[in-house]
Structures are given as structure tokens and as C-alpha cells.
Amino acid sequence: MAHWLMKSEPDVFSIDDLERDKTASWEGVRNYQARNIIRDEMKAGDLAFFYHSNIGAPGIVGVMRIQKEAYPDDTAFDPNSEYHDPKSDRESPRWYQVDVAFEEKFKETIPLAWLKEQPLLADCPLVKRGNRLSVMPVTRKQWRFIMQHARRGERRLPQ
DNA sequence: GCCAACGTTGGC
DNA sequence: GCCAACGTTGGC
């Protein structure tokens with residue numbers, strides 16, 4: 001089983017939206033590197049961190065599971081969609097999406113600022129300067145490290 | 001709101 | 001194929 005990190009702007013789609021809806025189509029990815037990961041590498045059952053981007057305090061906010069492997073992103077065919085891409089057609093779709101399912105929301109966001117301080121995460125594309133990749137792999141070791149930190153944070157909190 | 005970094009487009 | 005111009009991402 002592989003692990004991933006997927007960014008979303010919470011104003012557009014947040015972990016709370018996913019918790020409410022239980023599942024979602026991860027549509028609107030319009031970057032080839034991210035597309036290749038989604039289309040070629042993600043498998044049903046994989047786990048992914050949900051990351052809130054483009055806000056005051058960006059960070060990892062929870063976990064989701066890849067529920068359905070890649071299939072064409074229909075929003076690319078829809079002229080009324082903000083994700084419309086006239087160069088994509090149903091015969092040879094350019095963009096793909098997966099379906100994701102809610103797993104958990106962390107009690108506390110794990111801030112990007114903290115992630116950047118961790119030597120173990122130095123190789124993660126997320127903390128590299130200028131990185132804009134919205135879907136990226138997370139190693140098993142990095143996943144365990146971040147999950148352990150999330151659990152520590154939860155134990156520290158009062159009930 | 002600013003702006004650095006990056007990806008894409010299109011003229012040549 | 002090069003590369004300047006442009007648009008977008010996303011932290012701050």
C-alpha cells in the first residue's frame with residue numbers, strides 16, 4: 001500500500017466537507033505530474049494526507065483513503081465548469097480523478113511550519129522551496145512519523 | 001496583497 | 001527546439 005499527500009484549498013473543498021460527504025471525487029487536477037501520479041500510481045486502498053493550502057496556516061488536517069482508482073475527469077469536458085479544458089475530449093481524456101473516502105480528521109492541524117523543521121521530511125516535495133505539486137508521494141517512514149506526531153497531539157489534548 | 005517559483009503557451 | 005511572456009500556485 002502506498003501513501004500520498006493531496007492539497008486542497010479549504011475554501012474550495014475542506015476536510016470538513018469530506019467528513020460531511022464521506023466520499024468525494026478529487027476533480028480539477030490540471031498539472032501533468034500530479035495527473036500521472038493519479039492516473040498511473042494511485043491504487044484503491046492507498047492512504048493520503050489531506051492538506052489545506054493557500055490559507056493563513058497551511059498544514060495536514062487529516063487522512064483519507066483512495067476509494068476508486070483513476071477515471072476521466074468529466075469537469076474537463078464541461079464548458080460551464082471552472083476546470084473546463086477544451087483540449088480534453090472523451091476519446092482521449094487528458095485529465096483524471098480518483099474518488100476518496102474520509103478516514104479521520106486530526107484534532108490539530110499539523111502545520112507546514114512544523115513539517116519544515118523535521119529532518120526526516122527534508123526530502124518531501126512539500127517542504128521544498130517553490131514546490132507546487134498538489135499530489136505527491138509520502139514514504140512509509142514519513143507517513144509513520146507524521147501519524148505518530150498526530151497521535152501525540154491528540155493525547156496531549158484534554159477531553 | 002505581494003511576489004517568487006514554476007508550468008504552459010506560442011512566436012520564431 | 002528555444003525562450004520570452006504570461007498565468008497560476010501558494011507561502012507569507
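Just so it is clear: chains get the letters A, B, ... in the order the sequence lines come, proteins before strands, and each one is counted from 1.
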Original post:
Starting at the 5' end of DNA chain B and moving along, which residue's nearest nucleotide shows up first, A:R94 or A:G130?
Top reply: A:G130
Original post:
Are A:F49 and A:F106 side-chain neighbours, meaning at least one heavy-atom pair lies under 4.5 Å?
Top reply: yes
**OP:** Spell out protein contact along nucleotides 6-12 of chain C as letters: B when the base is contacted, S when just the sugar-phosphate is, - when no protein heavy atom is under 4.0 Å; keep the 5' to 3' order.
**Re:** -BBBBBS
**OP:** Before accepting this row, confirm whether a basic side-chain N of the pair A:D17/A:R20 lies closer than 4.0 Å to the acidic partner's carboxylate O.
**Re:** yes
Original post:
Side chains of A:L121 and A:F145: does their closest heavy-atom pair fall under 4.5 Å?
Top reply: yes
Original post:
Considering only heavy atoms from C-beta outward, does the side chain of A:H3 approach that of A:P137 to under 4.5 Å?
Top reply: no
**OP:** With sequence neighbours left out, write down each residue that passes side-chain contact (heavy atoms from CB on, under 4.5 Å) with A:A101, or none if nothing qualifies.
**Re:** A:T23, A:Q67
**OP:** Check every strand shown and say whether A:R30 touches a base, only sugar-phosphate, or nothing at a heavy-atom separation below 4.0 Å.
**Re:** nothing
**OP:** Answer with base, sugar-phosphate or nothing: what part of the nucleic acid does A:K87 contact at a heavy-atom distance below 4.0 Å?
**Re:** sugar-phosphate
